[in-house]
Protein chains: 2
Amino acid sequence: MWPLRLISYIRLLFTLDLISDKKTGMVRNTLRRLPLYAQIKSVLLRRIGEGEWPANLALPSEWELAAQLDVSQGTVRKALGELVAQGVLYRRQGLGTFVAEAADDWGAGCLLTPGLFGESPDALVLEFLGCSRANASEEVAAALQLRRGAPLIRVRQLWRLGGIAAALDDALLAADEYGDLDARTIRQCGGSVYVALQRRFGVRPRTQSEQLRGVLLERDDALVLGVAADVPVLSLLRLSASVEGVPVEWRQRICLTATLAYTMRPGA
Amino acid sequence: MWPLRLISYIRLLFTLDLISDKKTGMVRNTLRRLPLYAQIKSVLLRRIGEGEWPANLALPSEWELAAQLDVSQGTVRKALGELVAQGVLYRRQGLGTFVAEAADDWGAGCLLTPGLFGESPDALVLEFLGCSRANASEEVAAALQLRRGAPLIRVRQLWRLGGIAAALDDALLAADEYGDLDARTIRQCGGSVYVALQRRFGVRPRTQSEQLRGVLLERDDALVLGVAADVPVLSLLRLSASVEGVPVEWRQRICLTATLAYTMRPGA
DNA sequence: CAGTGGTCTAGACCACTCG
DNA sequence: GAGTGGTCTAGACCACTGA
């Protein structure tokens, strides 16, 4: 019994690219620096990132995974639970555990609703406007860990609610890394940058930080949105990173708030 | 063994004010409509609400609670875990599980930071401005489940960051329910409405819904904040409710965003 | 040192979904 | 009915805290 467990720990060790110079007796302790379920989580995250299981197809069952990784079902369950909480997976009782689609470009931070404290989120429609090149400002360069002036891809998207323009997005990505992201690719992905990143680069961006301001709508943006300029709007900045924590995308969003309000997801 | 479990289920039944007309054989199934850990959660929430354990003092240990409620430690742990996730409790390894302080008036929805994607939240200072009476508008009445024109208590607070005015709050509460909330009481609670609610009424408000807009700063508010009017600012509306889900407070906040930005808590 | 939360296991049963 | 996630138990050991 015990030797078998030990072997599994050693296997996990290599799977995680961790190195231990300790004697076998010490391996377990060394590994315990991270709880087993956290190690399982890393292993699964990597295998998901490598596209081992397509989106919306079931992973192996909890018992199957437990056998593969040589841990108990409860431990697998705890790891899966955290991934579900992070939105990477979802579960359906009696069916299985599934890889979630790439995150929606709108993001999980806040939700748009038409009414006041209304409950119906209403379908936002994403419209792809175009792709262009740009250079990193000081601010963007710092956030994306690039040098100032580094070449960027700029993706412009328009959000509509019931046909009416609601928000305007500018997504910025490092061109050196994601230069292949052209208009055709994004169009094939329904206009979604995140879906394109997932399919083309195996990157699943996750919101890392979001920031809000009240600003006045600029003339250029007002033209695109088809409304008057100089009205107060909501400005959102978002930094997204891969599951490994590498910055991927900087996004700036302008939200019209004259007739709409933005309801935040009730936290916890 | 089994009879003992049965008795515990029946006890839980009464603790939860649930009623079952079924024969003893059916009680278990009836109860199973809610998982055991969820029932434990309710029981604990109520006991916390009744002030059984003062803030920052330890609850009984997981094993002790398990014995009291006649469930396993793992089940208690799951219930406690969810309450920790909700911010009602916090845990410290080796010490115990504690009741958290009343929520901060600032709220858990978003966090203010001075810099761009900066990491230091910086201490916000709350300044109590005063108390007054008002009447419920249509909107507020609907949110607080009152009739239109119902008497309200209005509490005004100013938030400062490094001495500089950053935000202005107007909290509205039903006067019929919370009429005792006068300036003296609130001052005794450090200016915090939530602390006062907890101490005076045993109510622990939790954010239920939050809504954002970009608006222009009005003249009256500009005077209080000591800045120019007509600048774009962030407007936040928040509805708070008791743990039982009864609406308690409607709060309107005006955030200056000329030199500050509001970073949202990274979700999950 | 004793007591606490944190992790992990093995095994059981339930509730749901599908063919 | 077979297979899946969801819950619950009993017991073990670890890591941390404080006296």
| For atom CZ of A/Arg91 and atom P of C/dA15, their distance in whole Å | 18 Å
| query | How close or far is atom C1' of C/dG3 from atom CD of B/Gln73, stated in whole angstroms? | reply | 13 Å
Expected list for residues 187-197 of chain A: side-chain donor-acceptor pairs under 3.5 angstrom, two or more places apart:
| unit_1 | atom_1 | unit_2 | atom_2 | d |
| --- | --- | --- | --- | --- |
| A/Ser192 | OG | A/Asp105 | OD1 | 2.6 |
| A/Ser192 | OG | A/Tyr194 | N | 3.3 |
| A/Ser192 | OG | A/Val195 | N | 3.0 |
| A/Tyr194 | OH | A/Arg238 | NH1 | 2.9 |
| A/Tyr194 | OH | A/Ser240 | OG | 3.2 |
| A/Tyr194 | OH | A/Glu249 | OE1 | 2.7 |

| remark: Note: contacts of residues 58-66 of chain B with DNA chain C (heavy atom, under 4.0 Å) are B/Ser61, B/Glu62
For the side chain of [X], starting at C-beta, report the closest nucleotide among [options].
X	options	value
B/Val71	C/dG5, D/dT9, D/dC8	D/dT9
B/Lys78	D/dC8, D/dT7, C/dT7	D/dT7
B/Thr97	D/dT7, D/dG5, C/dG5	C/dG5
A/Ser72	D/dT17, C/dG5, C/dT9	C/dT9
A/Leu36	C/dC8, C/dG11, C/dT7	C/dC8

| said: A/Tyr178: which residues meet the ring pair (Phe, Tyr, Trp, His ring centres under 6.0 Å) condition with it, sequence neighbours left out? | reply: A/Phe201
| field | Partner residues of A/Trp159 under the ring pair (Phe, Tyr, Trp, His ring centres under 6.0 Å) criterion, sequence neighbours left out | value | A/Trp106
| query | Mapping A/Gly74 and A/Gln93 onto DNA chain C by nearest heavy atom, which one lands closer to the 5' end? | reply | A/Gly74
| With a 4.0 Å cut-off on heavy atoms, is A/Arg92 in touch with a base, just the backbone sugar-phosphate, or nothing at all? | sugar-phosphate
| request: State which residues pass side chain to side chain contact (heavy atoms under 4.5 Å, CB included) with B/Leu144; sequence neighbours excluded, sorted by chain then number. | output: B/Val140, B/Leu146, B/Leu152, B/Leu239, B/Pro247, B/Trp250
| query | For residues 35-74 of chain A, which residue pairs qualify under ring-ring contact (aromatic ring centres under 6.0 Å, His included), counting only residues two or more places apart or in two chains? | reply | none
